[in-house]
Amino acid sequence: MIRPFKPSDLDELMLIWLKTNCEAHHYIAKSYWESNFENVKELLPQATIMVAENKQTHKIEGFIGTMATFIAGIFVDNASQSNGIGKLLLDSAKAHSSELLLEVYQKNTKAIAFYQREDFVITAEKHDEDTNEAALVMKWTKTKD
């Protein structure tokens with residue numbers, strides 16, 4: 001079930017954020033993510049957040065954060081990955097926009113492949129000063145039926 005964020009979700013979302021960032025971005029020091037934890041926790045509620053919650057267990061399995069047409073991130077708990085949750089979250093964002101943009105680390109090939117399957121195209125390459133990593137800018141545009 002995809003539903004809007006509730007303030008009571010914040011601690012659980014932040015645990016998913018930290019764990020998935022550390023595992024998906026193993027090429028970036030864990031200390032980078034840990035040092036940004038409190039800042040992200042403060043900023044997260046300013047984004048539009050949609051949460052994937054398991055109907056039976058009521059456990060949060062993932063979330064997507066958007067700011068206008070920019071996807072700040074899709075995070076799916078590792079135990080729930082490859083079950084279509086990321087696609088459901090992305091589809092919820094697509095339903096409310098005619099275009100979406102995001103940035104993804106070039107080394108995160110699994111995420112790049114996912115976004116390309118979802119009709120995102122690479123529009124630019126950039127350098128992330130904070131992590132010293134190459135990143136790709138990707139864009140999705142709604143097709144006319």
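Just so it is clear, the model here is predicted, and its values are computed rather than measured.
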*For the pair His26 (side chain) and Cys22 (backbone), establish whether a donor and an acceptor sit closer than 3.5 Å, ignoring hydrogens and angles.*
no
*Considering only heavy atoms from C-beta outward, does the side chain of Lys59 approach that of Asp77 to under 4.5 Å?*
yes
*Should the pair Arg3-Glu53 be classified as a salt bridge under the 4.0 Å nitrogen-to-oxygen rule?*
yes
*Got Lys126 and Val137 here, is their nearest side-chain heavy-atom distance under 4.5 Å?*
yes
*pair Gln116-Met138: side-chain heavy atoms closer than 4.5 Å*: yes
_Testing the 3.5 Å rule here: is there a donor-acceptor pair between the side chains of Asn78 and Gln81?_
yes
*Is Glu118 salt-bridged to Lys94, cutoff N-O under 4.0 Å?*
yes
*Side-chain heavy-atom pair Phe75, Lys19 within 4.5 angstrom cut-off*: no
*Give the C-alpha distance, both sets of side-chain angles, the deciding distance and a yes or no for side-chain contact (heavy atoms from CB on, under 4.5 Å) between Glu99 and Lys139.*
CA-CA 7 Å; Glu99 77 172 30; Lys139 181 178 180 180; 3.1 Å; yes
*Is there a donor-acceptor pair closer than 3.5 Å between any side-chain N or O of Ser97 and the backbone N or O of Ala93?*
no
*Do the non-hydrogen side-chain atoms of Thr141 and Ser98 ever get within less than 4.5 Å of each other?*
no
*asked:* With heavy-atom distances below 4.5 Å as the criterion, would you say the side chains of Phe114 and Val104 are in contact?
replied: no
*Should the ring pair Tyr105 and His25 be called parallel, tilted or perpendicular, given that the plane angle runs from 0 to 90° and is split at 30 and 60?*
perpendicular
_CH2-CG distance between Trp33 and Leu18, expressed to the nearest 0.5 angstrom_ = 9.5 Å
*Compare all side-chain heavy atoms of Asn108 with those of Tyr27 and state whether any distance is below 4.5 angstrom.*
yes
*From the options Val51, Leu89, Asn54, select the one residue that forms a side-chain contact (heavy atoms from CB on, under 4.5 Å) with Glu61.*
Asn54
*Does Ser35 reach the main-chain N or O of Ser31 with its side chain, forming a donor-acceptor pair under 3.5 Å?*
yes
*Determine whether Ile49 and Leu13 make a side-chain contact, defined as any pair of heavy atoms from C-beta on separated by less than 4.5 Å.*
yes
*Checking side-chain contact (heavy atoms from CB on, under 4.5 Å) for the pair Phe63/Met50: CA distance, chi angles, key distance, verdict?*
CA-CA 6 Å; Phe63 68 98; Met50 298 301 289; over 6 Å; no
